[in-house]
Novice: 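Encoded as structure tokens, here's the structure I'll be asking about.
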There are 2 protein chains.
Amino acid sequence: MFSQAEENYLKALVQLIHFRDQGNEVGTNELALYLNVKPATANDMLKKLREKSLVSYVKYGKISLTVEGQKAGMDVVRKHRLWETFLVEKLDFAWDEVHEVAEQLEHIKSKKLVNSLDDFLQNPKFDPHGDAIPDREGRILIPYQRLLSEVSIGKSGKVVSVKDNSNSFLQYADKIGVRIGGMIEVAGRESYDGQTTLRVENKDHTVSDKFCMNIHVVCPTCKLGKDCSKNDCSF
Amino acid sequence: MFSQAEENYLKALVQLIHFRDQGNEVGTNELALYLNVKPATANDMLKKLREKSLVSYVKYGKISLTVEGQKAGMDVVRKHRLWETFLVEKLDFAWDEVHEVAEQLEHIKSKKLVNSLDDFLQNPKFDPHGDAIPDREGRILIPYQRLLSEVSIGKSGKVVSVKDNSNSFLQYADKIGVRIGGMIEVAGRESYDGQTTLRVENKDHTVSDKFCMNIHVVCPTCKLGKDCSKNDCSF
DNA sequence: ATTTTTTGTTAGGTCTACCTAACTTTATTA
DNA sequence: TAATAAAGTTAGGTAGACCTAACAAAAAAT
Ligand SMILES: [Mn+2]
Ligand SMILES: [Mn+2]
Ligand SMILES: [Mn+2]
Ligand SMILES: [Mn+2]
């Protein structure tokens with residue numbers, strides 16, 4: 001079994017290496033920044049994880065996960081997302097209240113618990129933020145999605161996930177009616193600074209480019225599948 | 001907030017001081033034994049808890065909990081028992097499978113989580129082992145109960161709790177049909193060594209005195225109330 | 001009332017997960 | 001290419017929660 005700290009590093013590495021659009025090269029400093037620790041601390045832990053064959057890296061080089069390390073990290077992500085789903089679906093938490101608690105729950109050690117919970121929730125494929133939940137083997141479903149900031153004017157998308165999980169972002173999103181599964185139309189975009197007019201539930205809101213870069217949408221007709229252009233895709 | 005270790009000590013003290021039939025004087029050695037640590041370790045922690053005004057004790061004296069310490073310990077017990085109930089009621093765990101996992105879950109820090117869970121379970125008063133679940137203020141319902149070993153021959157009792165939570169005990173209890181809420185009749189008892197014949201679900205089983213001393217029963221007609229003899233009590 | 005046993009304390013040490021400060025390597029820029 | 005900046009490493013240190021070994025106090029037994 002892994003310690004809580006080890007699990008946090010493995011999860012962070014999965015997120016930095018595999019769950020990012022670009023730049024999947026990860027170094028000590030970036031990892032440390034992500035985990036709110038000092039580079040020296042991250043360096044210590046990397047040596048320990050290397051000893052245990054969970055990461056592979058050489059001094060001054062970039063970090064990667066071994067098969068075993070990736071599996072372990074995925075498992076933490078799986079637990080995190082299942083617990084978030086539980087909190088929202090069963091205990092009526094709001095989507096901006098679950099992350100902190102899930103950070104704790106993700107470290108509970110019991111195979112039976114995780115799998116029972118998965119069944120109890122009817123094997124959900126996505127968490128309350130629209131992020132894919134890895135299955136028992138660490139596999140995830142990847143919907144073909146794009147950032148709202150990349151959707152052309154006049155087109156609509158269905159919200160599948162948000163990148164920012166901060167309270168301020170989630171509450172702002174809530175306020176203007178943006179939620180997982182909801183539709184958004186890009187009514188206009190200012191070329192000067194990317195200010196975008198969104199039509200949500202028949203109301204218009206002018207939001208920043210930054211905001212749009214944190215929302216993933218899919219074509220409402222072909223949510224899954226890699227090459228969207230070959231279908232009757234609305235994008 | 002308290003650390004996981006601190007919480008474990010506070011819970012142990014509540015259990016040793018308040019949840020025991022007799023002998024509620026507790027010392028360093030006993031506490032250490034209960035928690036599977038060495039006396040020196042328990043001593044260190046007691047000093048720390050005294051600093052924080054959670055226990056009150058003097059060198060070489062007996063340990064007691066302050067109001068604040070008792071409140072904190074009760075809260076851990078509450079969480080432990082709520083999670084055990086959740087595991088059995090919602091995730092179909094058996095009553096001998098829940099303790100270990102609850103030992104982990106009891107340390108999750110979120111008032112909202114505990115109270116939501118309590119509501120989700122419809123504010124249960126007893127856990128799967130028949131132990132009372134403290135409410136938000138740390139109050140518990142105490143059924144008038146006696147040990148099965150003290151029930152007279154010919155009388156029946158309804159099982160409300162078991163003292164031993166070990167796998168071997170629970171599985172043995174299961175095997176002969178003893179479960180919370182079930183009825184047991186004391187059909188006979190050998191005065192030589194206390195060997196007792198129990199009638200459970202119309203079958204007779206001869207069990208040891210030791211076994212009987214780990215089962216709490218109440219009169220089926222007056223489960224609650226302090227002075228059983230004033231009612232139409234079957235005992 | 002001693003002796004012996006049990007119980008409790010102290011001193012000093014380990015291991016984990018952090019830290020700061022100083023240093024080295026690699027990358028960037030002039 | 002040489003200077004500078006950024007990234008990564010090492011050494012040494014702290015705090016929490018545990019340990020062993022030696023010792024002191026209290027309780028029990030003779
Ligand atoms: Mn989260
Ligand atoms: Mn999430
Ligand atoms: Mn338990
Ligand atoms: Mn219990």
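In this text, all values refer to a predicted model and were calculated from it rather than measured experimentally. The figures here come from the full heavy-atom set of this structure, side chains too, leaving out hydrogens, waters and symmetry mates.
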Novice: Rounded to whole Å, how long is the line connecting atom CG of A:L31 with atom P of D:dA6?
Specialist: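 It works out to 20 Å between those atoms.
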
Novice: The side chain of A:Y60 lies closest to which of these nucleotides: D:dC18, C:dT25, C:dC18?
Specialist: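 Side chain of A:Y60 sits closest to C:dT25.
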
Novice: Could you pull out the closest heavy-atom pair between A:A132 and A:R81, with the gap in Å?
Specialist: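 Answer, listing the atom of A:A132 first, then A:R81: O-NH1, 2.6 Å.
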
Novice: Just how far, in rounded Å, is P of D:dA26 from OH of B:Y57?
Specialist: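 After rounding, the gap between these two atoms is 14 Å.
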
Novice: Is the phosphate of D:dG8 approached by A:K62 (side-chain N or O, under 4.0 Å from OP1 or OP2)?
Specialist: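 So the side-chain polar atoms of A:K62 do come within 4.0 Å of the phosphate oxygens OP1 or OP2 of D:dG8, strictly under.
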
Novice: Picking from D:dT20, C:dT9, D:dT9, which would you name as closest to the side chain of B:P39?
Specialist: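 It is C:dT9.
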
Novice: Looking at OH of A:Y57 and CG of A:L46, how far apart are the two atoms once the value is rounded to the nearest 0.5 Å?
Specialist: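 With rounding to 0.5 Å, OH (A:Y57) is 4.5 Å from CG (A:L46).
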
Novice: Closest approach to the side chain of A:K47, judged atom by atom: which nucleotide of C:dT9, D:dT9, D:dT10 is it?
Specialist: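 Nucleotide nearest to A:K47's side chain: D:dT10.
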
Novice: Figure out the CD/C1' separation between A:Q4 and C:dT16, and round it to whole Å.
Specialist: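 Those two atoms, CD and C1', are 13 Å apart.
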
Novice: Any base atoms under 4.0 Å from A:T41, or only sugar-phosphate, or nothing? Heavy atoms, all strands.
Specialist: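 Answer is base: heavy atoms of A:T41 come under 4.0 Å of a base.
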
Novice: Is B:A40 touching bases, backbone alone, or none of the nucleic acid, heavy atoms closer than 4.0 Å?
Specialist: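 The residue B:A40 makes base contact.
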
Novice: Using the ring of each side chain (for Trp, its six-membered ring), is B:F169 parallel, tilted or perpendicular to B:F211, with breaks at 30° and 60°?
Specialist: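 B:F169 vs B:F211 ring planes: tilted.
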
Novice: Show me the donor-acceptor pairs within less than 3.5 Å that the side chains of residues 103-112 of chain A make with the rest of the protein, sequence neighbours left out.
Specialist:
from   : atom 1 : to     : atom 2 : distance (Å)
A:E103 : OE1    : A:K11  : NZ     : 3.4
A:E103 : OE2    : A:K11  : NZ     : 2.8
A:E103 : OE2    : A:H99  : NE2    : 3.1
A:Q104 : OE1    : B:K109 : N      : 2.6
A:Q104 : NE2    : B:K109 : O      : 3.0
A:E106 : OE1    : A:K11  : NZ     : 3.0
A:E106 : OE1    : A:H80  : ND1    : 2.7
A:E106 : OE2    : A:K11  : NZ     : 3.1
A:H107 : ND1    : A:E7   : OE1    : 2.6
A:H107 : NE2    : A:N8   : OD1    : 3.0
A:H107 : NE2    : A:E103 : O      : 3.3
A:K109 : NZ     : A:E7   : OE2    : 3.3
A:K109 : NZ     : A:H107 : O      : 3.0
A:S110 : OG     : A:L113 : N      : 3.0
A:K112 : NZ     : B:E97  : OE1    : 3.4

Novice: Take atom CG of B:L33 and atom P of C:dT6, then tell me their distance rounded to the nearest Å.
Specialist: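 Whole-Å distance recorded here is 14 Å.
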
Novice: For a quick test of reading the model: is some side-chain N or O of A:N43 closer than 4.0 Å to OP1 or OP2 of D:dG8?
Specialist: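 False: A:N43 side-chain N/O out of range (4.0 Å or more) of D:dG8 OP1/OP2.
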
Novice: Side chain of A:N29 only, heavy atoms from C-beta on: which candidate in C:dC18, D:dA7, C:dG8 is closest?
Specialist: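 Taking heavy atoms from C-beta onward, the closest nucleotide is D:dA7.
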
Novice: Quick check on DNA chain C: between A:A5 and B:G61, whose nearest nucleotide comes earlier from the 5' end?
Specialist: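 Mapping each residue to its closest nucleotide by heavy atoms, the 5'-most match is B:G61.
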
Novice: Is the positively charged end of A:K90 above the ring of A:F120, judged by distance under 6.0 angstrom from the centroid and angle within 45° of the axis?
Specialist: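 So A:K90 does make the cation-pi contact.
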
Novice: Taking 4.0 Å as the cut-off, does a side-chain nitrogen or oxygen of B:K38 come that near to OP1 or OP2 on D:dA21?
Specialist: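 Checking D:dA21 against B:K38, no side-chain N or O comes under 4.0 Å of OP1 or OP2.
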
